[in-house]
Amino acid sequence: MKFTAVAAGFLSLVSQVLGHEELGGDSSSSTVLPATFKPPQVFKNTNLVHIISLEKNFAKESINVHIENSSPEPQDEYFLPFTSDQIKRVGGIEVKDRQDASVSGFVVQAIEFDPLSDVQYYRIRLPTPLPAEGQQTLGISFYYLNSFAPLPASIEQSEKQYLVYHFSAYCPSAYPTLKQKTEVKFSSSTDIIDFTKIAGRDGAKEFPQKQGSKLIYGSFPEVPAGAASLVSVRYEFNRPVTLVSQLERDVEVSHWGGNIAFEERYTLYNQGANLSAQFNRVKWAQTQYFNPVTHALKEMKFPLRVGSKDAYFTDAIGNVSTSRFRSNRREAVLELKPRYPVFGGWKYPFTIGWNADAKHFLRKMSGDSYLLNVPFIEGPKQPEGISFEHIQVRVLLPEGAENVRFHTTIPESSITDYTVDLQKTYLDTVGRTVLTITAKNLVDDFRDRDLIISYDYSLVASLRKPLVVFTSMMTVFVGMWAISKVNVKFSTK
């Protein structure tokens, strides 16, 4: 992406303006409503398709719904219900118009009204209010972390792993739905062991109906608001269920060095089935000759931006030598193996880092303004996927940077907080400007989403550190010269 296009997009999309006087905020903009709140019945879903994808180690749900304003007044607030358990695990909520991709401006906000209620809501504010009997087709997508339960919970080292996922055959909705169906998608090679059967409709003896690697519940005729039909599926998943409970990502910008340093600290868990016996390293080494499919995490691949260099990989013990870094004109990839295979219930904290040329990420705009465009998260790219529960991104800007503004293409509902403060490092006087953004419940589908930051950095500020270094050195030299001129000999007179 050319930086001129990025700049234009940034200036048009930026909605979060930060300054040194504004040291915190809540970008998710939760709305507080009375404890007796219930969504007004001003919409009806004329047709709804609910798609649940279980192809990776997290659950992705998509709702394609055709809504109609059933009230006599224009309406622009559509409510999406979740249980109190789901609301803690849901993330990455995005909304778009299925019939017109150019339509933007959907605002997703969490609703706070009764913490003891089993039903919680997200509010979707439409870009343009729908008039009476007006219709629109929404595409709503989101992800659930910590979605699966291994069954059995403990297995042998080389045994197959099976996961269970619970959901509702009726798509949860705050409004009546005239027609709907639910599709559950698996990867093509998945062995589906068991699933809940319910009575069929319209000539079908029972649901679900199996079509290739999909299970289809429905279609169902009119379903009232809030209706649910709890079902579950159990299927084979011989891959690690990887969750990063905490990701700390630092991006350090150096104007004088022309360098951007990246460092990421991971606290990683495998949430798959535990081992029913102690780990047998001899048996593990023997099986690696024919490379069987395993539910243990044994390697990770980090695709980095072209031009990345000086990559490293450490853990709590120190440097880890089982890594390989390849960088050329077409790609930059860091491949690494943990010190031990990470089985279900095991934890592995580690750190990676690398450097990159600033010219690939940083551009000078008009006057003293600069524009920085870096990925919000990168992380490993695994066939089975990976999810991030808590994310903290810190961008260390040069000392003296002011008027910091940012925009990110990460869903706004996943951003929980942001701050701008100061942090002193080597040879600083007032400290470097640090933008800290925290987010929750993201998955690797959002890797490489943009974080665009603009800031002012004057010539005087850029000369501050060299002047400090020069003045300090001159002070030392003058001090040493002055000391050398002091006569410390005893007088003979």
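In this text the structure is predicted, and so the values were computed from the model without any measurement.
Classification of the Phe37-Phe79 ring pair by plane angle, with boundaries at 30° and 60°, yields tilted. Ring pair Phe167/Tyr165 is parallel by interplanar angle, where below 30° counts as parallel and above 60° as perpendicular. The aromatic rings of Phe82 and Tyr122 sit perpendicular, their planes meeting at an angle over 60°, well past the 30° parallel limit.
When Tyr143, Phe388, Phe142 are each tested for a ring-ring contact (aromatic ring centres under 6.0 Å, His included) with Phe446, only one passes: Tyr143. If you run ring-ring contact (aromatic ring centres under 6.0 Å, His included) between Tyr340 and each of Trp284, Phe279, Tyr348, only Tyr348 comes through.
Considering only residues two or more places apart in sequence or on other chains, Glu133 meets the salt bridge (charged side-chain N to carboxylate O under 4.0 Å, His left out) condition with none of them. Under the salt bridge (charged side-chain N to carboxylate O under 4.0 Å, His left out) criterion, Asp250 pairs with Arg265, Arg394, not counting sequence neighbours. Residues satisfying the side chain to side chain donor-acceptor pair (under 3.5 Å) criterion with Asn270, sequence neighbours excluded, are absent altogether. For Asp444, the side chain to side chain donor-acceptor pair (under 3.5 Å) test picks out no residue, with sequence neighbours left out. Not counting sequence neighbours, Asp194 has no partner by the salt bridge (charged side-chain N to carboxylate O under 4.0 Å, His left out) test. By the side-chain contact (heavy atoms from CB on, under 4.5 Å) test, His390 pairs with Gln246, sequence neighbours left out. By the side chain to side chain donor-acceptor pair (under 3.5 Å) test, Tyr121 pairs with no residue at all, sequence neighbours left out. For Arg98, there are no salt bridge (charged side-chain N to carboxylate O under 4.0 Å, His left out) partners two or more places apart in sequence or in a different chain. In this structure Thr177 satisfies the side chain to side chain donor-acceptor pair (under 3.5 Å) test together with Asn45, sequence neighbours excluded. Annotation: side-chain contact (heavy atoms from CB on, under 4.5 Å) contacts of Pro74 (sequence neighbours excluded): Pro129.
Looking at Ile453 and Val395, their side chains come closer than 4.5 Å, going by heavy atoms from C-beta outward. Side-chain contact check for Asn64 versus Thr137: every heavy-atom pair is 4.5 Å or farther apart. Proximity of Thr46 to Ile67: side-chain heavy atoms (C-beta onward) are nowhere separated by under 4.5 Å. Looking only at side-chain heavy atoms (C-beta outward), Asp417 and Ile415 stay at 4.5 Å or farther from each other. Residues Leu230 and His166 fail the side-chain proximity criterion, which asks for heavy atoms closer than 4.5 Å. Residues Tyr269 and Val241 form no side-chain contact, since every pair of their non-hydrogen atoms from C-beta on lies 4.5 Å or further apart. For the pair Pro411/Arg449, a side-chain contact is recorded, criterion being any heavy-atom separation below 4.5 Å from C-beta on.
In this structure a side-chain-to-backbone donor-acceptor pair under 3.5 Å is present from Gln120 to Asp114. Put simply, the side chain of Asn69 gets close to the backbone of Glu73: a donor and an acceptor are under 3.5 Å apart. A donor-acceptor pair under 3.5 Å is formed between the side chain of Gln382 and the backbone N or O of Lys301. At distances below 3.5 Å, not a single donor-acceptor pair connects side-chain atoms of Arg123 with backbone N or O atoms of Gln109. Using a distance-only test at 3.5 Å, with no hydrogens or angles considered, a donor-acceptor pair links the side chain of Arg89 to the main chain of Leu145. No donor-acceptor distance shorter than 3.5 angstrom exists from the side chain of Asn238 to the backbone of Val293, with no hydrogens or angles considered. For the pair Thr190 (side chain) and Ser187 (backbone), a donor-acceptor distance under 3.5 Å is present. Looking at Gln136, its side chain never comes within 3.5 Å of a backbone N or O of Leu130 through a donor-acceptor pair. Ser229 places no side-chain N or O within donor-acceptor distance of the main-chain N or O of Ala169, the cut-off being under 3.5 Å.
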Taking it one step at a time, do Asp118 and Ser84 satisfy side chain to side chain donor-acceptor pair (under 3.5 Å)?
CA-CA 5 Å; Asp118 188 50; Ser84 57; 3.2 Å; yes
Apply side chain to side chain donor-acceptor pair (under 3.5 Å) to residues His50 and Gln180 and explain how you reach the verdict.
CA-CA 8 Å; His50 183 204; Gln180 68 168 296; 6.0 Å; no
For Asn47 and Leu178, run side chain to side chain contact (heavy atoms under 4.5 Å, CB included): C-alpha distance rounded to whole Å, both residues' side-chain angles, the deciding distance at 0.1 Å, then the answer.
CA-CA 6 Å; Asn47 192 18; Leu178 304 186; over 6 Å; no
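No donor-acceptor contact under 3.5 angstrom links the side chains of Gln157 and Asn280, judged on distance only. Side-chain atoms of Glu68 and Gln135 include a donor-acceptor pair closer than 3.5 Å. Counted by atom type alone, Thr83 and Asp85 present zero donor-acceptor pairs between their side chains at under 3.5 Å. Between the side chains of Tyr312 and Glu263, at least one donor N or O lies within less than 3.5 Å of an accepting N or O. Side-chain contact check for Thr438 and Thr416: at least one donor-acceptor pair (N or O, by modelled atom type) lies under 3.5 Å. Neither side chain, Thr409 nor Asp450, offers a donor N or O lying under 3.5 Å from an acceptor on the other.
In Lys160, the NZ atom is not crowded: 12 or fewer heavy atoms of neighbouring residues, nucleotides or ligands sit closer than 6.0 Å. Crowding of Gln278 atom CD: a count of heavy atoms from other residues, nucleotides or ligands under 6.0 Å not exceeding 12.
Under the 4.0 Å criterion applied to side-chain N and carboxylate O atoms, Glu378 and Arg249 are assigned as salt-bridge partners. A salt bridge between Glu94 and Lys96 is absent, with no side-chain N of the basic residue lying under 4.0 Å from a carboxylate O of the acidic one. The pair Glu331-Arg326 counts as a salt bridge, with a side-chain nitrogen and a carboxylate oxygen less than 4.0 angstrom apart.
Side-chain rings of Tyr162 and Phe237 stay apart, their centers remaining 6.0 Å or farther from each other.
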Please tabulate, for the side chains in residues 213-222, all donor-acceptor contacts under 3.5 angstrom to protein atoms that are two or more places apart in sequence or on a different chain.
residue: Ser213; atom: OG; partner: Phe186; partner atom: O; Å: 3.3
residue: Tyr217; atom: OH; partner: Thr196; partner atom: O; Å: 2.6

Show me the donor-acceptor pairs within less than 3.5 Å that the side chains of residues 51-58 make with the rest of the protein, sequence neighbours left out.
residue: Ser53; atom: OG; partner: Glu55; partner atom: OE1; Å: 2.9
residue: Lys56; atom: NZ; partner: Asp445; partner atom: OD1; Å: 3.4
residue: Asn57; atom: ND2; partner: Pro240; partner atom: O; Å: 3.1
residue: Asn57; atom: ND2; partner: Glu384; partner atom: O; Å: 3.3
residue: Asn57; atom: ND2; partner: Gly385; partner atom: O; Å: 2.8

